[in-house]
Colleague: 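The structure that follows is given in the form of structure tokens.
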Amino acid sequence: NHRQADPCWLRYAPVDHPERLAQYRKWCKELVTPANPSPLLASAIFELHQGIESMLHMKPQCVAVPAEAYSLCLGVKGQSALIDEALAPLADASEDSYVIRTISQDGRKHLLMAGVSERGALCSAFHLLRLMQMGESMEVINMQESPDNGLRMINQWDKLDGSIERGYAGGSIFYKNNEIPSHLTRVHEYARLLASTGINAIAINNVNVHERESWLIKLPMLSQVARIADIFRNYGITVFLSVNFASPIVVGHLPTADPLDEDVIAWWKQTAAEIYEVVPDFGGFLVKADSESRPGPFTYGRNHVDGANMLAEALKPYGGLVIWRCFVYNCFQDWRDRTTDRAKAAYDHFKPLDGQFEDNVILQIKNGPIDFQVQEPVSPLFGTMPATNQMLELQITQEYTGQARHVCYLVPQWKEILAFDTYAQGEGSEVAKIVSGSLYGRKLGGVAAVSNIGDDRNWTGHILAQANLYGYGRLVWNCNLSAEQIAREWIALTFGSGSTQRTEVILNLLMTSWLTYEQYTAPLGVGWMVNPHHHYGPNVDGYEYSRWGTYHFADRDGIGVDRTVKSGTGYTAQYREPNASRYESLETCPDELLLFFHHIPYTHRQHSGKTVIQHIYDTRFAGAEQAQQFLDAWLTLEGQMDEEAFENGRSRLLEQAEHAREWRDQINTYFYRKSGIPDEQGRTIY
Ligand code: GCU
């Protein structure tokens, strides 16, 4: 695919509003920058040039001292008195913070973009460009920004053969035919896209590290990794690698990978030294160990602390981090075994280890206790380890939410997760405060998410899925942004802010898409009901009798998983009060999670007043109907965007509408046959 990649939200369409154009041109004649900018600042300057040229059809003059009446001025702390003064209100702020301010001095006006760090300056440049794309006035600006999260990370699940685990937008932009390709243009474009939303870290290979990928940490592969790190570094993004815990055996030819073995310890130390020779600002290791048959410390009778700390010691001298995943559970369960509960696993494994991890270890915890389902409760592990760094793991790629064939804007879901009150320190102990580190005063924390991009021209397969990538970056920078605000920004940057009708159609589609997807797929938080392995499309019993621990337990009388203390697996006890009691009791359990926590008869009445069976029927019909309306609404936008984007949306929304009917029919039929209870409204159920 040699055609140029879609610029996504960095389109920089020409400004057509005459007044704004005149105002912007007035300010943008001159760009004051340091004389010898570092590569990172050079990126900021490049971005400003490129954006301004494209939007205003003029080139700003780069100068060291302003001569014009109006000028833009980009800088970093310590550069000049002007910049330092502007940054004064951010004295205690984190290094990526910045201000954008208009000031008058010596009869001239300056629009300052000032970063506490160079990365902050880059973020400020992107911010100004965003304001211009959205048609905001530049006349008086006074804003300061500090990221809510230290680590704002992307996890690529790319494999060396060029495929992407759970990728739905083509092949990898990082790897092809077991090599890192000589041209990395797309990686460069990707770095720009990510940096513009505030992302500052990326793990560039899949968490499942197999034989080939194990070699990324060693020369000569490592020198190729360094090429990628060079690109990201210039955009303020630090590169991490996922590593194989068994590397000492696979790569080092040692007989063991025992974390307490002297030779193993020395091997990792030597490896870390080599890595930092080649990539001096290497971020660290992301580790999936003792999970889904990946190797780990358990093989040697050791635990996660032994494993993580051994790696942490090796990286510590260089400031590297170990990000250790908590997605650890028994994936060889038996459906007859009603005592084992996969939902309990992460908490059971990790909670007892609180306080034992090195301070450069961060535990990466999936948002829910199961696996990125359209609806599941928040993992009870958040906030239960006050002496341990924790970060949140989300999935931007839509493994269980329509795989970029269906539209599913996930920011509303992420907002709910971040806003979930764990009560870890009493009321007001939201997940957002735990992962940012603020609740327990921890320095390290943040959010990571599995990327949804591939080498498709539009990056994300579905044009509307770009909103999830954009929205993720924006949200983890500022958790207080609303899902709607972010969607509006993305729409304006992508399609232009001109047409209100277009904006409203797309906004409505995005904002209702998550609920809609939930409505025609697995009901009331029970999850799954997908085809095994690839996880696309309806298959109610697809996982019901397999080993993965993802059951719904539907029979002729009822459905759901009893996770209560009273009669079930006892999972509810992993929550603090009042959450524990709220989930334990049928009286207070929220409807949308009813079947996650309780096994109940089909005739049970929810808080909504509907029986469970009638809810299943009604929402399946409503969801499928809504999916059809998405398509109908999109069709009204013909001619209001470029043809490729329109056609992409049209064909995918058509597939979604058809597929939603298939979901509706399979689920309705299944439950009608199981329960024998007809639909109150007598609609067609096969
Ligand atoms: C899910 C997903 C896998 C992935 C795993 C993980 O199970 O289906 O592809 O490897 O999560 O997060 O480790």
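Numbering of ligands and ligand atoms starts at 1, following listing order.
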Colleague: Does the plane of the ring in H535 sit parallel, tilted or perpendicular to the ring in Y400? Use 30° and 60° as the thresholds.
Modeller: parallel
Colleague: Find all atoms of ligand 1 within a distance of less than 4.0 Å from any non-hydrogen atom belonging to F327, and give their numbers and elements.
Modeller: 5 (C), 6 (C), 7 (O), 11 (O), 12 (O), 13 (O)
Colleague: Considering distance alone, does some N or O of R166 sit under 3.5 Å from an N or O of ligand 1?
Modeller: yes
Colleague: Would you please indicate if the ring centroids of H406 and F630 are separated by under 6.0 Å?
Modeller: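 Between F630 and H406, which both carry aromatic rings, the centre distance is not below 6.0 Å.
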Colleague: Can you tell me which residue and heavy atom of the protein come closest to atom 1 (C) of ligand 1, and the distance to 0.1 Å?
Modeller: D371 OD2, 3.0 Å
Colleague: Which residue owns the protein heavy atom closest to atom 11 (O) of ligand 1, what's the atom, and how far is it?
Modeller: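 The closest heavy atom on the protein side is K366 NZ, 3.0 Å.
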Colleague: Which protein non-hydrogen atom lies closest to atom 13 (O) of ligand 1, naming both residue and atom, and how far is it?
Modeller: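 For this ligand atom, the closest protein heavy atom is K288 NZ, 2.5 Å.
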Colleague: For atom 8 (O) of ligand 1, which protein heavy atom lies nearest, and how many Å away is it?
Modeller: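 I find the closest protein heavy atom is E399 OE2, 2.5 Å.
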Colleague: What do you reckon, does Y400 put a non-hydrogen atom under 4.0 Å from ligand 1?
Modeller: yes
Colleague: Quick test of your reading of the model: are R186 and E189 salt-bridged, counting only N-O distances below 4.0 Å?
Modeller: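 Not counted as a salt bridge, because no side-chain N and carboxylate O are separated by less than 4.0 Å.
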Colleague: Should the pair R342 and Y329 be classed as cation-pi, given the thresholds of under 6.0 Å to the six-membered ring centre and 45° from the axis?
Modeller: yes
Colleague: Do the side-chain N and O atoms of Q395 and N452 include a donor-acceptor pair separated by under 3.5 angstrom?
Modeller: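 The answer is no; no qualifying pair exists.
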Colleague: Can you tell me how the ring of Y571 sits relative to the ring of Y575, calling it parallel under 30°, perpendicular over 60° and tilted otherwise?
Modeller: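 Y571 vs Y575 ring planes: perpendicular.
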Colleague: Any atom of ligand 1 sitting under 4.0 Å from a heavy atom of W157?
Modeller: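 Under 4.0 Å: yes for W157.
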Colleague: Any idea which atoms of ligand 1 are less than 4.0 Å away from a heavy-atom of H535?
Modeller: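 Selected atoms, number and element: 8 (O).
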Colleague: Between R325 and ligand 1, does any nitrogen or oxygen pair lie at a separation below 3.5 Å?
Modeller: yes
Colleague: For E165 and N206, which I'm curious about, is there any donor-acceptor pair between the side chains at under 3.5 Å?
Modeller: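 Yes, a side-chain donor-acceptor pair sits under 3.5 Å.
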Colleague: List ligand 1 atoms under 4.0 Å from E165, heavy atoms only on the residue side.
Modeller: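 Counting from 1, the qualifying ligand atoms are 3 (C), 4 (C), 9 (O), 10 (O).
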Colleague: Check each atom of ligand 1 against the heavy atoms of N208 and keep those under 4.0 Å away; list them by number with element.
Modeller: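 Listed by number with element: 10 (O).
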Colleague: Within 45° of the six-membered ring axis of F596 and under 6.0 Å from that ring's centre, is NZ or CZ of R563 located there?
Modeller: yes
